[in-house]
Amino acid sequence: MSESSSVVEVCVAGTGSYVPERILTNGELAKMVDTSDEWIVTRTGIRERRIAADDEFTSHMSTKAALRALEQAGMTAGEIELIVVATITPDTPTPATACHVQHQLGASNAVAFDISAACSGFLYAMKICKRLISDGAFNNALIIGAEKLSTVTNWEDRSTCVLFGDGAGAAVLRKAGPGEGSIVATEMGTDGNLTHLLEIPGGGSACPITAQNAGQHLHTLNMQGKEVFKIAVNRMKEAAEKVIERAGWRAEDIACVIPHQANLRIIDAIADRLAVPNERVFVNLDKYGNTSAAAVAIALDEANRTGAFKRGDHIVLVVFGAGLTWAAAAIRW
Ligand code: UT7
């Protein structure tokens, strides 16, 4: 789905992120399942991930990331008009995690809801909120990607448990003033023919968890990794190319590409196909693994705070996940 350029420019006014304290290393995982640090690093690039405490929920991580984004944007929670949380691990099936976040922030003037687009959720939220702001419905929005994937991980399955982690990232979007940055182009896509490649089969209305099936790990993430890998590379490349073209940029104009953090080999393949040198591609999956909707949001915040780009620079975000879903955004910072 594409878009024409809108009249009202929307900028990213602040970013924030939060990861839990507890670090789970590859070495620790090698004591839990038949794997090794060498296999995980070579095949994925991941060295460690964060695991939230039992009493630390997706909403708590979201709120901590949001407070940092608000602080950077120089805004108070009371000024926020819209809160959208992208997550596949909500605190509760209902109400939405965004409602818990609204309460925790004291953002009493905000409308709040969740979206479910797996790893692509943060950029889905960015596009939706950009439109709602540029159409005049809201003046600003707090978008959050947050996951407690440790609660939907099968810790006995080496093919998936080495991949995932917990965390949250946030961004404040608002109408841009003169000379400020702009979300220049966005792109998103879905292929519902491929739902079976990456899913949590149980816990929903199709397959409720019962006393009979409780031990079968039906509530955990299942992935056909090889198939997902190939499609991820192609779809992310295409989505990134579309926003770069629509923005009127060339590869050499891009200061930083921030991709979904699932696998370093996927990231390298995309950088290669986009002809963007590796030093301009932001990577932090070695520290956090794949945190689904949170991954690109945490990476955006870390890239922002570590000076990977500066005001006026051109940056490209690109993501891929269950659905299958994908999305990209071209932002003039
Ligand atoms: O976030 C949403 C999007 N997700 C992605 O984009 C993930 C895409 N997929 C991937 O990143 C990769 O496919 C994985 C990292 C999941 C797997 O890497 P792979 O190179 O595709 O490995 P594979 O699944 O083909 O497995 C290769 C071998 C198998 O053994 P055999 O059959 O060759 O004897 C696996 O059993 O590696 C084995 N294996 C492991 N060995 C040690 C699988 N997991 C592990 C493990 N430790 N943790």
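Atom set for the values below is all heavy atoms of this structure, side chains included, hydrogens, waters and symmetry mates excluded.
- With values rounded to the nearest 0.5 angstrom, N109 atom CG is found 12.0 Å from F138 atom CZ.
- Judged by distance alone, the side chain of D91 and the main-chain N or O of T58 form a donor-acceptor pair under 3.5 Å.
- In terms of modelled atom types and a separation under 3.5 Å, the side chain of N154 and the main chain of T220 share no donor-acceptor contact.
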R50/L24 under side chain to side chain contact (heavy atoms under 4.5 Å, CB included): CA gap, chis, key distance, verdict: CA-CA 6 Å; R50 300 299 178 102; L24 178 65; over 6 Å; no
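- Taking CE of M32 as the reference point, atom CD of E156 lies at 9.5 Å (rounded to 0.5 Å).
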D34 and R158: CA distance, side-chain angles, deciding distance, salt bridge (charged side-chain N to carboxylate O under 4.0 Å, His left out) verdict: CA-CA 7 Å; D34 181 15; R158 70 173 183 174; 3.7 Å; yes
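- Taking OG1 from T87 and CZ from F57, the interatomic distance works out to 13.5 Å, rounded to the nearest 0.5 Å.
- The main-chain N or O of L163 is never found under 3.5 Å from a side-chain atom of N290 such that the two would form a donor-acceptor pair.
- The two atoms that bring L198 and G321 nearest to each other are CD2-C, 4.3 Å, heavy atoms only.
- Side-chain atoms of D313 never come within 3.5 Å of backbone atoms of A255 as a donor-acceptor pair (strictly under, hydrogens ignored).
- Within 6.0 Å of CD in E71 there are 12 or fewer heavy atoms belonging to other residues, nucleotides or ligands.
- Of the candidates T291, I51, V152, L149, F164 forms a side chain to side chain contact (heavy atoms under 4.5 Å, CB included) with just one, namely L149.
- Between R246 and E187 there is a salt bridge, since a side-chain N of the basic residue sits under 4.0 Å from a carboxylate O of the acidic one.
- H314 meets the ring-ring contact (aromatic ring centres under 6.0 Å, His included) test with W249; sequence neighbours excluded.
- Inspection of the Y124 and S116 side chains reveals no N or O donor paired with an N or O acceptor under 3.5 Å.
- No side-chain donor-acceptor contact under 3.5 Å links D135 to the backbone of A137.
- Within a 6.0 Å radius of CD in E21, other residues, nucleotides and ligands contribute 12 heavy atoms or fewer.
- If you take SG on C207 and CD1 on I200, they are separated by 12.0 Å, rounding to the nearest 0.5 Å.
- Side-chain N or O atoms of E147 include one that pairs as donor or acceptor with a backbone N or O of I88 at under 3.5 Å.
- Side chains of Q72 and N304: a donor on one and an acceptor on the other come within 3.5 Å.
- Between V84 and F113 there is a side-chain heavy-atom pair separated by less than 4.5 Å.
- Among I267, I298, V281, V296, the single residue meeting the side chain to side chain contact (heavy atoms under 4.5 Å, CB included) criterion with I258 is V296.
- Between the side chain of N26 and the main chain of I46, a donor-acceptor pair closer than 3.5 Å is present.
- A donor-acceptor contact under 3.5 angstrom links the side chains of Q104 and S59, judged on distance only.
- The backbone N or O of R43 lies less than 3.5 Å from a partner atom in the side chain of N263, making a donor-acceptor pair.
- Ion pair R47/D286 not flagged as a salt bridge, since none of the NZ, NE, NH1 or NH2 atoms sits closer than 4.0 Å to an Asp/Glu carboxylate oxygen.
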Chi angles and distances behind the salt bridge (charged side-chain N to carboxylate O under 4.0 Å, His left out) call for R250, D253: CA-CA 5 Å; R250 293 161 305 164; D253 300 330; 3.1 Å; yes
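- Taken together through direct or relayed side-chain contacts under 4.5 Å among Ile, Leu, Val, Met, Phe, Trp and Tyr, L324 and V233 form part of one hydrophobic cluster.
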Salt bridge (charged side-chain N to carboxylate O under 4.0 Å, His left out) evaluation trace for E241 with K237: CA-CA 6 Å; E241 279 178 347; K237 173 206 164 245; 3.4 Å; yes
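- A donor-acceptor contact shorter than 3.5 Å is absent between the side chain of R22 and the backbone of A52.
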Check against side chain to side chain donor-acceptor pair (under 3.5 Å), N284 and E302: CA-CA 8 Å; N284 64 3; E302 289 199 348; 3.2 Å; yes
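- Within the 4.5 Å cutoff, the side chain of L105 has heavy atoms near those of the L67 side chain.
- With hydrogens and angles ignored, the 3.5 Å screen pairs no side-chain donor or acceptor of R332 with any backbone N or O of I183.
- Other residues, nucleotides and ligands place more than 12 heavy atoms under 6.0 Å from the CD atom of E28.
- Summarising the local packing, NE2 of H103 is surrounded by 12 or fewer heavy atoms from other residues, nucleotides or ligands at distances under 6.0 Å.
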